[in-house]
Amino acid sequence: MELPEFPFDSDSQLSRRQFVRAAVAAGGTAALSACLDTEDRESLDAPTGVSDPGTLPDRQHAWNDVLPVDSDGNVSRASHHVFLSLSLTGEPDSAGREQVETTLKTLERALEWGPDGVLFTLGYTPAYFDRFDGSLPDSVDLPDPEPITAITAESQVEIDDSDAMLHLASDDPAVVLAVEEALFGETDSLNGTAIDEGLTPVFERTSRRTGFVGAGLPADRQTGLDGIPEGEPVPEEAPFFMGFRSGFRESQATEDRVTIESGAFAGGSTQHFESMELDLEIWFDDNDHEQRVARMFSPEHAREESVGAVGEKLETETGAPAVTEEIHEHAREEGAVGHAQKLARARDDGQPVLLRRDVNTTDGDAAGLHFLSLQREMTEFTRVREAMLGEEFHQHGLGPRQPNGILQYIRLRRWGSYLLPPRSLRSLPQPSP
Ligand code: HEM
């Protein structure tokens with residue numbers, strides 16, 4: 001991606017927001033210097049981390065305690081994200097293990113664990129574990145990633161078969177860039193802390209995906225993007241491209257619910273990560289707000305006007321569980337079912353099983369979403385994802401190209417699954433540690 005020359009409009013807050021998002025998407029030292037507003041890559045001024053990384057939570061995915069809650073009480077997401085797919089450069093031996101662990105501990109000393117500093121997870125694919133003689137214990141449910149057939153019939157999907165994924169998140173775009181440069185670039189210092197070769201002796205980056213989330217960010221980026229119609233339809237207050245808030249407290253699993261409870265990897269989790277492009281031309285051009293609410297939430301939400309422009313009327317819950325019984329009636333009589341309505345039926349004993357941490361993306365200059373979810377077992381994810389396909393509504397004439405939730409507007413591109421080991425086992429784990 002071409003990086004706009006900096007500063008292209010230094011007086012404008014909007015331009016600055018657009019600029020930093022483009023810088024994260026571009027990556028590299030030039031983007032970092034531009035974000036820091038200086039050539040001096042040492043000038044990152046972020047809160048420093050802990051002197052003893054052993055004091056950090058054993059769960060790599062323990063982010064909620066340090067993320068702020070919004071005025072309704074929902075956990076917010078960090079604004080800027082980089083997802084790096086990594087392949088091993090050699091065998092996963094003890095020297096490599098030590099290199100990774102030393103580097104990650106240095107990162108934890110250099111930057112505060114939180115959105116002002118950095119949050120990160122390092123996860124491993126089934127392909128990574130395949131090279132070992134032993135297999136993962138039964139307490140870890142991580143089958144080979146195979147997209148559900150009904151999805152591959154609709155889209156061309158690439159499987160993530162690299163070894164690992166590093167997810168970096170921060171509210172400060174310069175931080176994610178600086179961390180990436182320190183781990184894989186030429187810099188030898190991060191936020192004033194010396195860092196040696198970083199992860200380069202062990203891993204190479206095989207792909208780089210980026211994301212952002214928060215009110216105003218999608219609206220800033222909607223002009224001239226593939227998949228978005230003219231006329232700037234994404235509301236300024238919307239945190240996501242499709243125009244609604246997401247991640248209400250009552251529709252998210254807790255971190256406890258997604259944590260592996262027993263065995264060698266207790267304290268870990270499994271992560272699903274899929275990338276999709278969005279067809280927002282038909283989403284915005286063919287539907288009015290009421291129809292969009294019906295497809296995203298439910299026809300009843302649309303009738304009752306219970307959502308508001310971007311979901312501001314919903315405080316910590318969508319109200320979707322209250323309309324699950326009527327779903328077949330909605331399909332038959334109103335010719336639509338809602339995404340949230342369908343998915344609320346896949347709860348376990350009334351409780352959500354996925355902790356979603358999805359973000360918008362403009363990778364490839366197309367409007368998209370990187371959908372990330374954590375769950376205790378990958379099989380739970382598959383069950384919920386199948387519920388999203390809503391095949392039972394085909395009998396009412398709602399195929400994947402009809403108002404069967406939001407299926408019609410999504411093109412799946414990549415699909416992967418990972419084990420997020422507990423922090424103590426995050427560096428080149430063996431299947432039976
Ligand atoms: C473009 C893609 C997507 C968009 C824009 C989207 C948006 C939303 C929105 C607005 C809600 C209701 C508000 C809330 O989050 O509480 C929701 C709920 C939900 N979505 Fe999605 N979603 C997308 C894809 C997915 C995918 C791929 C899955 C995977 C299975 C998924 C699973 C869920 C679940 C489990 C819920 C909560 C249901 C409950 O209340 O129990 N979503 N989504």
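Worth knowing before you read on, the calculation uses all heavy atoms, side chains too, and leaves out hydrogens, waters and symmetry mates. Quantities reported herein were computed from a predicted structural model and do not represent experimental measurements. Just follow the structure's listing: the first ligand is 1, and inside any ligand the first atom is 1.
- Which of L278, N74, L354 comes nearest to atom 1 (C) of ligand 1 through a heavy atom is settled by distance: it is L278.
- Using a non-hydrogen distance threshold of 4.0 Å, Q252 does not register as a contact of ligand 1.
- Of the possible donor and acceptor atoms, none in the side chain of D348 sits under 3.5 Å from a partner among the backbone N and O of V353.
- With hydrogens and angles ignored, the 3.5 Å screen pairs no side-chain donor or acceptor of R209 with any backbone N or O of H81.
- Scanning all protein heavy atoms for the shortest distance to atom 41 (O) of ligand 1 gives R347 NE, 2.7 Å.
- For atom 7 (C) of ligand 1, the nearest protein heavy atom (residue, atom name, distance) is M296 SD, 3.7 Å.
- Between E180 and R205 there is a salt bridge, with a side-chain nitrogen of the basic residue lying less than 4.0 Å from a carboxylate oxygen of the acidic one.
- Taking a cutoff of 4.0 Å between a charged side-chain nitrogen and a carboxylate oxygen, R208 and D363 do not qualify as a salt bridge.
- Every residue meeting the side-chain contact (heavy atoms from CB on, under 4.5 Å) condition with S269, not counting sequence neighbours, appears here in chain and number order: H61, V258, L374.
- Classified by interplanar angle (parallel below 30°, tilted 30° to 60°, perpendicular above 60°), the ring pair F83/H370 is perpendicular.
- Where the criterion is an N or O separation shorter than 3.5 Å, residue side chain and backbone included, G247 meets it with respect to ligand 1.
- In this structure, atom 2 (C) of ligand 1 lies nearest to the protein heavy atom L369 CD2, 3.5 Å.
- Here E108 does not pair with K105 in a salt bridge; the nearest charged N to carboxylate O distance is not below 4.0 Å.
- With a heavy-atom cut-off of 4.0 Å, L314 does not touch ligand 1 at all.
- Residue-ligand proximity, M242 to ligand 1, at heavy-atom distances under 4.0 Å covers atoms 1 (C), 5 (C).
- Residue contacts with ligand 1 leave out A320, since none of its heavy atoms falls under 4.0 Å from the ligand.
- Assignment of M276 to the shell around ligand 1 is supported, since a heavy atom sits closer than 4.0 Å.
- Scanning all protein heavy atoms for the shortest distance to atom 16 (O) of ligand 1 gives S251 OG, 2.3 Å.
- Counting only N and O atoms by type, the side chains of E101 and S427 include a donor and acceptor under 3.5 Å apart.
- Among all protein heavy atoms, the one lying closest to atom 10 (C) of ligand 1 is R245 O, 3.4 Å.
- Under the 3.5 Å distance criterion, the side-chain polar atoms of S76 are left unmatched by any main-chain donor or acceptor of V69.
- Remark: R423 qualifies as a cation-pi partner of W113 under the 6.0 Å distance and 45° angle criteria applied to the six-membered ring.
- In summary, R385 and E274 engage in a salt bridge, as defined by a charged side-chain N under 4.0 Å from a carboxylate O.
- For atom 21 (Fe) of ligand 1, the count of nearby protein N, O or S atoms, meaning those under 2.8 Å away, is 1.
- Side-chain atoms of E277 do not come within 3.5 Å of backbone N or O of L412 as any donor-acceptor pair.
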